[in-house]
Amino acid sequence: MLLGTVLVLLLAGAAPASAHAALRSTDPDDGSVVQRAPRHVTLTFTESVGLLDDSFRVFGPDQRRVHTGEATHADGRSDTARIGLPGKLAEGTYTVAWRVVSADSHPVSGAFSFSVGKRSATTGQIDTGPTEDPLTRGLYDAARYLAYLAAALLVGTAAFALLCRPAHTSPLRRPLVAAWWTLLGSTAVLLLLRAPYEAGTGPAAAFDASALGRTLTGRPGLALLARLLVLLLTAAFLIGLSRRRDTVKRPVALAIGTALATALALTWAAAEHASAGIQVPAAMTSSAVHLLATGVWLGGLVALLLTLRRSSGDDLVEVVPRFSRIAFASVTVLAVTGLYQSWRGLGSLSALSGTSYGRLLFAKLAGVAVLLLVAGYARRWTARIAAPAVAARAAVPAPVPQPVGAPAGGREAAEGPGTGEPGTSGEAESRGEAESPDSPAGPGAGSVDPGIRRRLRRSVLVEVAVAAVVLMITTVLTGTLPSRAEAEAAQQAPVGALPPTTEITVPFDTGTDSVTGSGKVLVTLDPARVGENGVQAVVYGSDMGLVAVPEVRVTFTLPSRKVGPIDAELADRGGYWSTNSVNLPLAGNWTMKTTVRVSDVDQVSVERRVRVEP
């Protein structure tokens, strides 16, 4: 019932999608020139996206922000975003900065431009604002790491107490309580910071009531609310278990604990990479199982370390081998689920070294390999601790079957002393046998050599330290664009950034000794694509200061197609020369000839190659 409630709460409206949304198209097209001002700007993505209050920022030719309507989904499609524009737009270039939240809860952003009538004579890129606030991102990532760490400790410590059955659980109470409170606090911080993290604003925006209300209606917010609910139920379960430990049957406690741990793991699986992409149901199942196995193993290591430090030692011969078997099963589950998740996130082997996600995954795998090496070393001491218990069980003789009706003395002679009726000499002999210091099952059989115990404790401590590093890499990995999604985004049209601008430095020397006789011309071709282009030319003298010259002329020729020369017809703008209407009709490697005239008789021409894209 609990798992069904959590699934319904988290998966309502979920649909298969590619992790991290990629921008598929824009209307108007990126870098296009339209003759009539559009009424809307529409973006289409590869998956459904969530909209923010400030999902669009539109800047006009004067670099001032344009007043727009509220962001909506176009035609009710969740994979689109649309903003309304004013009825009249001035002629020139407009820059659109956008920010949305992809289906896997991570914000994505970008910018593109279009022009009305003709392109503007821009002097630089427009500042569309930061894509994210560094302090908010740092606090959010720190809270995510603490949440992972606390969840592993909470699940692992509880599993250790229920499955390994140590004689004394008092050393485990403090880390159990600390893990619960840490997970509760980090979840609350994530819930508060969710709105500024999505919007890319400062932490102060966390206290905006309207933004918090929007967070509580989105899937990431619902996942965090579900986590808080599961934590409250977990607290009630642990308190009830500690007060009625003698009356609660172990199978019942295990069943309830497993259900709560699974529900807790689903709050991660339903709001991160597993919730979007290919094979979503299988991915969410694998992710939840992976998280549980991680908690049982890594959190159990901390519980084992505390038990080794504070236990009397007599029960270690049973507890340590039990945890060793559980840890081996957890590692097997981690290997299977990790292999599947790696394939799903990478998409190809080349991505392992060619993408940020692949390199982080490789670092995680290296950390896990070190962890397994240390665990293999620890198993040597685990086997030595378990040896006395194995020897004691092997020394107990199996009962010898007797014929029906055989006399009691015969049974006693066959089975050995100690099997007679209470009060007989057989009982006394049995007690004497049991108390014999030479008996394999006598005192000292369950004790642990202090040296072996110390070595095992050290190796477990190293495992815990390496595990903390692996969890940190995992936290960064879950916030990184998967390689498969990155490859899909690369296949889309190259939108999401301002149109490319080509800058060409043209040095000149007319042979005169004046300041203007030599220097350089910085020529900017924007956007260096087929169609209308803008050209700007700024002249610097030999002292690297701006200089005024009588004339700057720029022409373009495409020798391979015998096109040109096309004169840019630059006009003096009082300090620089420019035009917005150079039509370059074909893609290819053009020859740009720049002529600088510094006097009535002194001039020089220099040629440079420029690439014009389709």
Side-chain angles (χ1 to χ4, degrees), residues 17-31 40-59 63 65-66 68-74 78-83 85 94-114 125-141 144 193-203 205-206 208 211 214-215 218-220 271-273 276 355-357 476 478-482 485-500:
S18 59
H20 281 66
L23 184 58
R24 189 187 300 276
S25 64
T26 66
D27 183 16
D29 292 334
D30 181 23
H40 302 91
V41 170
T42 304
L43 310 182
T44 303
F45 297 88
T46 56
E47 67 173 43
S48 21
V49 295
L51 302 178
L52 307 170
D53 289 341
D54 204 25
S55 274
F56 286 91
R57 297 189 304 278
V58 181
F59 298 88
Q63 300 190 9
R65 187 166 178 177
V66 177
T68 59
E70 182 180 357
T72 60
H73 291 295
S78 61
D79 62 344
T80 63
R82 170 175 287 180
I83 194 77
L85 297 176
Y94 290 80
T95 302
V96 181
W98 54 268
R99 186 180 184 89
V100 295
V101 181
S102 57
D104 64 353
S105 80
H106 296 289
V108 288
S109 59
F112 71 98
S113 70
F114 67 92
Q125 291 187 346
I126 295 175
D127 183 11
T128 58
T131 57
E132 63 181 9
D133 184 85
L135 180 57
T136 300
R137 179 60 185 264
L139 292 174
Y140 193 85
D141 286 343
R144 289 175 64 239
L193 289 178
R194 183 67 204 176
Y197 170 70
E198 290 180 348
T201 56
D208 184 348
R214 186 181 67 250
T215 296
R219 182 149 43 114
E272 293 192 347
H273 288 164
T355 63
S356 298
Y357 183 89
V476 179
T478 56
T480 304
L481 176 66
E486 184 176 337
E488 181 180 349
Q491 294 174 359
Q492 308 299 324
V495 292
L498 293 175

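All residue numbers refer to positions in the sequence shown, counting from 1.
- Arg99 contributes no side-chain N or O that, together with a main-chain N or O of Arg57, makes up a donor-acceptor pair within less than 3.5 Å.
- Between Val41 and Leu85 there is a side-chain heavy-atom pair separated by less than 4.5 Å.
- Evaluated for a ring pair (Phe, Tyr, Trp, His ring centres under 6.0 Å) with Tyr94, the options Phe112, Phe56, Phe114, Phe59 yield exactly one hit, Phe114.
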Passes side chain to side chain contact (heavy atoms under 4.5 Å, CB included), Leu193 versus Arg144? Steps please. CA-CA 11 Å; Leu193 289 178; Arg144 289 175 64 239; over 6 Å; no

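- In this structure, Pro196 and Asp133 have side chains that are not in contact, with every pair of non-hydrogen atoms separated by 4.5 Å or more.
- Note that CG of Leu43 is 11.0 Å distant from CG of Asp79, once rounded to the nearest 0.5 Å.
- Between Val101 and Arg194 there is a side-chain heavy-atom pair separated by less than 4.5 Å.
- Using the six-membered ring where Trp is involved, Trp98 and Phe45 have ring planes that are perpendicular, over 60° apart on the 30 and 60° scheme.
- When all heavy atoms of Ser55 and Val100 are compared, the closest pair comes out as OG-CG1, 4.2 Å.
- Across all their heavy atoms, Pro203 and Leu139 have their closest contact at CG-CD1, 4.1 Å.
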Decide side chain to side chain donor-acceptor pair (under 3.5 Å) for Arg82 and Thr42; before the verdict, give the C-alpha distance in whole Å, the side-chain angles of both, and the deciding distance to 0.1 Å. CA-CA 4 Å; Arg82 170 175 287 180; Thr42 304; 2.9 Å; yes

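- If you take CD1 on Ile83 and OG1 on Thr68, they are separated by 4.0 Å, rounding to the nearest 0.5 Å.
- Residues Thr80 and His73 share a closest heavy-atom pair of O-ND1, 2.6 Å.
- Summarising the geometry, atom OG belonging to Ser78 is positioned 10.0 Å from atom CG belonging to Leu51; distances are rounded to the nearest 0.5 Å.
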